[in-house]
Amino acid sequence: MNRRTVPFLGAVRHFFAVMKRLFLFSVLLFPVAVAAQTTFPTERLEYVASAYAAREPKAVKAVETLRAIADEYIMMEPVSVVEKKILPPSGDPRDYMTLSPYWWPDPSKPDGRPYIRRDGERNPEVYDYPERVNSGRLGDAARTLAVFYAVTGEERYAAKCAGLLRVWFLDAERGMNPNMTYAQLISGRTTVRGTGIIDARRFCYAFSAAALLRGSAGWSDADERGLQKWAGDFLHWLNESEHGRKEFRSPNNHGLWYDAIRLMVVAYTGDVVQAREIAEHSLAPRLASQIADDGSLPLELERTLALHYSTFALEAVALADRLVADTGYSIWHYRSPEGRSLEDAVAYLLPYYCAPETWPHRQIAPFDRSRGARILYAAGRALGRDEWGEAARSIGCRPPETNFETLLYFDM
């Protein structure tokens, strides 16, 4: 049914019925599980669904704007890891493989190898390996379609999303093997590195999309079991592989994203105990160890895109906090024995989100202020800092209209 014909109360009942089915399904599957948390801000998703059902003009306009994008995704051919023309060292096209983006041929060597690092400058060779782009396309398409389904209730968007997920994860010939062994390779170097695991965030966003599909006609019990199995196998690889153990020890944004990626997987499986363990005993103290007395993140300030990477680190933490919302633990309220906190890091960045041109460190490319605004919005909500919410609104939280988050922040 087209939800535009459904009265307000009916639409709200539909949304919460979906959430109830999600909860019941996960409880039946997992004795100690609850409904999967997602990377979507739950209160925003509920608010948008209610506003659209009530036919609030701004919400309706945002839905119709995004509909054009969602309809483009309806026509999208499924993407997979087997589209590459260069096979990984394993010879298996189902193994994910990319190049590390900031490594370039060494002009002093006849063949350019081993490559050398030029931080912040992306080598165009990375696009010879389509997983980098395709994993992002999958994550964007899946989230857009799933959010659109959650807000409007239109099943065709859920069905398309389900089809994309099946091909990337579950297809016997095209589905990705649950590892990142060959992610962000460096030409001419063979040392095992864990840094490529950060690529996984792009396709792991699709787990949140899958959680919103529960209860839809397009997502079957077999699909759910298959993706749960894939998620479990991938989590095992993250925890036990040499690559995963190396990334676990990473002291900068890579370590934060390693934990956030694990949480994206664990949240989908509904393992509340493990989710809280990762957040409380790994990510939160890891963050505190990276924060200086003034609230800055010194390891990110060393980068040529220092404002970007400082924000990128906080985006991992803000996302992680959403994923543990049902565990009773708040990363926003964590304060280390030394007194360091996520609030301190946001306070340090606040003036530069308001005026990026005053940033005193290197930033060799323009900074998207809406990213900072979304950090401020989340911090303001979590910490009761109304002035940060106002700063977020004055900057503008809305990303480009082609991004599904335009709908989530339609009123800002």
Side-chain angles (χ1 to χ4, degrees), residues 97-109 112-137 139-140 180 182-189 191 193-202 246-247 249-258 260-261 286-287 290-292 294-319 345-346 348-375 395 399-400 403:
M97 181 172 68
T98 56
L99 288 186
S100 193
Y102 301 149
W103 292 78
W104 294 72
D106 184 344
S108 70
K109 305 291 176 60
R113 299 178 181 178
Y115 279 19
I116 57 176
R117 190 167 183 258
R118 288 162 50 179
D119 187 40
E121 301 177 45
R122 184 169 294 127
N123 182 344
E125 289 180 49
V126 300
Y127 299 109
D128 293 337
Y129 298 78
E131 278 96 316
R132 176 185 177 87
V133 172
N134 284 344
S135 60
R137 289 182 66 205
D140 290 344
M180 300 291 286
Y182 306 109
Q184 293 201 14
L185 297 179
I186 299 173
S187 185
R189 298 176 184 266
T191 303
R193 304 165 70 241
T195 51
I197 288 171
I198 203 166
D199 279 7
R201 72 189 188 280
R202 299 188 180 100
K246 284 198 169 189
E247 195 71 338
R249 296 192 293 272
S250 182
N252 63 356
N253 70 80
H254 275 267
L256 295 170
W257 274 106
Y258 172 78
I261 287 165
R286 184 197 300 279
L287 171 69
Q290 297 181 26
I291 299 174
D294 64 355
S296 68
L297 300 171
L299 291 175
E300 311 308 336
L301 298 185
E302 297 173 359
R303 305 296 297 271
T304 60
L305 298 168
L307 184 54
H308 158 76
Y309 276 108
S310 294
T311 304
F312 187 50
L314 297 196
E315 286 170 339
V317 182
L319 180 147
V346 175
Y348 174 83
L349 291 170
L350 170 63
Y352 308 116
Y353 287 157
C354 295
E357 67 278 6
T358 65
W359 179 246
H361 307 281
R362 287 181 295 175
Q363 176 66 28
I364 64 175
F367 177 72
D368 177 3
R369 296 178 69 208
S370 70
R371 293 173 58 201
R374 290 193 291 277
I375 290 290
I395 295 169
N403 190 311

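What you see is a predicted model, and the numbers here were worked out from it, not measured in a lab.
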Could you tell me which non-hydrogen atom of Pro114 sits nearest to which non-hydrogen atom of Asp106, and how far apart they are?
O-CB, 3.6 Å
Under a plain distance cut-off of 3.5 Å, with no hydrogens placed, do Arg362 and Thr304 share a side-chain donor-acceptor pair?
no
Assess the residue pair Thr98 and Val126 against the criterion (side-chain contact (heavy atoms from CB on, under 4.5 Å)); give the C-alpha distance rounded to whole Å, side-chain angles, the decisive distance to 0.1 Å, and a yes or no.
CA-CA 7 Å; Thr98 56; Val126 300; over 6 Å; no
Distance (rounded to the nearest 0.5 Å) between Met180 CE and Ser135 OG:
7.5 Å
Is any side-chain heavy atom of Arg374 closer than 4.5 Å to a side-chain heavy atom of Ser370?
yes
Looking at side-chain heavy atoms only, is the closest gap between Leu299 and Pro251 below 4.5 Å?
yes
Return yes if some donor-acceptor pair links the side-chain N/O of Arg193 with the main-chain N/O of Leu185 below 3.5 Å, else return no.
no
Could you check whether any side-chain heavy atom of Asn252 comes within less than 4.5 Å of a side-chain heavy atom of Glu302, counting everything from C-beta outward?
no
Check residues 306-313 and write down every donor-acceptor pair under 3.5 Å in which the side-chain atom is one partner and the other belongs to a residue at least two apart or another chain.
residue	atom	partner	partner atom	Å
His308	ND1	Arg371	NH1	2.8
His308	ND1	Arg371	NH2	3.4
Tyr309	OH	Tyr102	OH	2.8
Ser310	OG	Ala306	O	2.8
Thr311	OG1	Leu307	O	2.9
Thr311	OG1	Tyr353	OH	2.9

Closest approach of Ala183 to Gly196 (non-hydrogen atoms, all atoms of both residues)
CB-O, 3.4 Å
CG (Asp119) and CH2 (Trp103) are apart, to the nearest 0.5 Å, by 10.0 Å
Output for pair (Lys246 NZ, His254 NE2), nearest 0.5 Å, gives 14.0 Å
Can you spot which of Leu314, Asn253, Leu349 makes a side-chain contact (heavy atoms from CB on, under 4.5 Å) with Leu297?
Leu314
So, do Glu131 and Tyr182 sit near enough that their side-chain heavy atoms are less than 4.5 Å apart?
no
Give me the atom names and distance for the closest heavy-atom approach of Ala292 to Pro298.
CB-CG, 3.7 Å
Is the side chain of Arg286 donor-acceptor paired with the backbone N or O of Gly255 at a distance under 3.5 Å, no angle test?
yes
Rounded to the nearest 0.5 Å, what separates atom CZ in Phe367 from atom OH in Tyr352?
13.0 Å
Check whether any side-chain N or O of Arg201 sits under 3.5 Å from a backbone N or O of Ile198 as a donor-acceptor pair, and report yes or no.
yes
Does any non-hydrogen side-chain atom of Pro101 lie less than 4.5 Å from one of Arg132?
yes
What verdict does the side-chain contact (heavy atoms from CB on, under 4.5 Å) test give for Ile197 and Ile261, after you've listed the backbone C-alpha separation in whole Å, the side-chain angles of each residue and the deciding distance to 0.1 Å?
CA-CA 9 Å; Ile197 288 171; Ile261 287 165; 4.3 Å; yes
Side-chain touch Pro105/Glu125, heavy atoms, less than 4.5 angstrom
yes
Using side-chain heavy atoms (C-beta onward) and a distance below 4.5 Å, is Ile291 in contact with Tyr348?
no
Interatomic distance, Leu305 atom CG to Glu121 atom CD [nearest 0.5 angstrom]
9.5 Å
State, yes or no, whether a side-chain contact exists between Glu247 and Thr195 at a heavy-atom distance under 4.5 Å.
yes
Distance check, rounded to the nearest 0.5 Å: His361 atom NE2 versus Ser296 atom OG?
6.5 Å
